[in-house]
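Within every chain, numbering begins at 1; the chains are lettered A, B, ... in the order of the sequence lines, protein sequences first and strands thereafter. Remember, it's a predicted structure, so these values are computed and weren't measured experimentally.
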Amino acid sequence: TQLLEQSPQFLSIQEGENLTVYCNSSSVFSSLQWYRQEPGEGPVLLVTVVTGGEVKKLKRLTFQFGDARKDSSLHITAAQPGDTGLYLCAGSPGNNRKLIWGLGTSLAVNP
Amino acid sequence: GAVVSQHPSRVICKSGTSVKIECRSLDFQATTMFWYRQFPKQSLMLMATSNEGSKATYEQGVEKDKFLINHASLTLSTLTVTSAHPEDSSFYICSARDNPTGSTDTQYFGPGTRLTVL
């Protein structure tokens with residue numbers, strides 16, 4: 001059974017701090033997606049990474065896919081209260097198999 | 001692009017009644033849609049994979065006779081919770097995959113339906 005370990009599960013920080021969320025697996029993924037979800041809403045896609053070693057930036061968010069395509073990280077610089085939410089990673093094993101989901105990271109950024 | 005709608009957004013029903021939730025891909029065709037259930041501050045739990053024109057594939061532990069899924073067209077899938085009970089109260093979310101043969105497997109999500117069974 002493929003697993004995707006996401007850490008930390010909960011994170012409460014002050015505005016302006018930096019943070020990193022990790023998703024790790026022993027399995028190789030053909031792609032990996034990061035989503036952000038606010039309470040009462042569906043997850044919103046932030047990024048899809050496909051190539052090993054790939055780095056993508058979305059304003060203050062930096063996403064990295066491990067060289068072996070087994071792990072990924074999300075780094076947020078100078079966090080703001082608007083970044084508060086549940087961050088989810090999901091790995092695709094490919095061949096139309098279902099996504100493997102991390103357990104999520106609940107982030108609270110305090111003003 | 002890649003917008004998924006879900007209706008209703010919130011429903012309250014009495015125990016024993018059935019509730020239908022619709023999921024639509026608005027600007028793309030989705031041969032595959034997914035239905036998830038989510039508990040507060042937890043990740044998504046896949047219930048079933050809905051394939052257009054064929055029977056849905058249910059995950060282990062999900063009762064197919066209780067959670068009826070119909071995917072009659074390339075833009076619409078429905079989930080019917082039959083004879084709902086309070087323990088069925090949850091946040092139900094659908095998603096649609098827009099690139100089934102590509103190297104990515106990105107899913108686009110609807111806004112979710114909050115079901116409360118009294």
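If you chain together hydrophobic residues whose side chains sit under 4.5 Å apart, B/Ile21 and B/Met47 fall into the same group. Note on B/Tyr36: it does not cluster hydrophobically with A/Leu103, by side-chain heavy-atom contacts below 4.5 Å among ILVMFWY residues. Under a hydrophobic clustering in which Ile, Leu, Val, Met, Phe, Trp and Tyr are joined whenever their side-chain heavy atoms come within less than 4.5 Å, directly or via other members, B/Trp35 and A/Trp101 fall into different clusters. One hydrophobic cluster holds both B/Leu46 and B/Val4 under the rule that ILVMFWY side chains link at heavy-atom gaps under 4.5 Å. Under the 4.5 Å side-chain heavy-atom criterion for grouping Ile, Leu, Val, Met, Phe, Trp and Tyr, B/Tyr92 is connected to B/Val19 within one hydrophobic cluster.
Between chain A and the residues B/Met45, B/Gln38, B/Arg114, B/Arg10, the largest count of heavy-atom pairs under 4.5 Å involves B/Gln38.
There is no contact between A/Gln6 and chain B, counting heavy-atom distances below 4.5 Å.
Crowding of A/Glu5 atom CD: a count of heavy atoms from other residues, nucleotides or ligands under 6.0 Å not exceeding 12.
Separation of atoms OH (A/Tyr35) and CZ (B/Phe109) is listed at 5.0 Å; rounding is to 0.5 Å.
Using modelled atom types, no side-chain atom of B/Ser43 and backbone atom of A/Gly104 make a donor-acceptor pair closer than 3.5 Å.
Within residues 57-91 of chain A, the residues having any heavy atom closer than 4.5 Å to a heavy atom of chain B are A/Leu86, A/Leu88, listed by residue number.
For the pair B/Phe91 and A/Gln37, the tightest heavy-atom approach, listed with the atom from each and the gap, is CE2-NE2, 3.9 Å.
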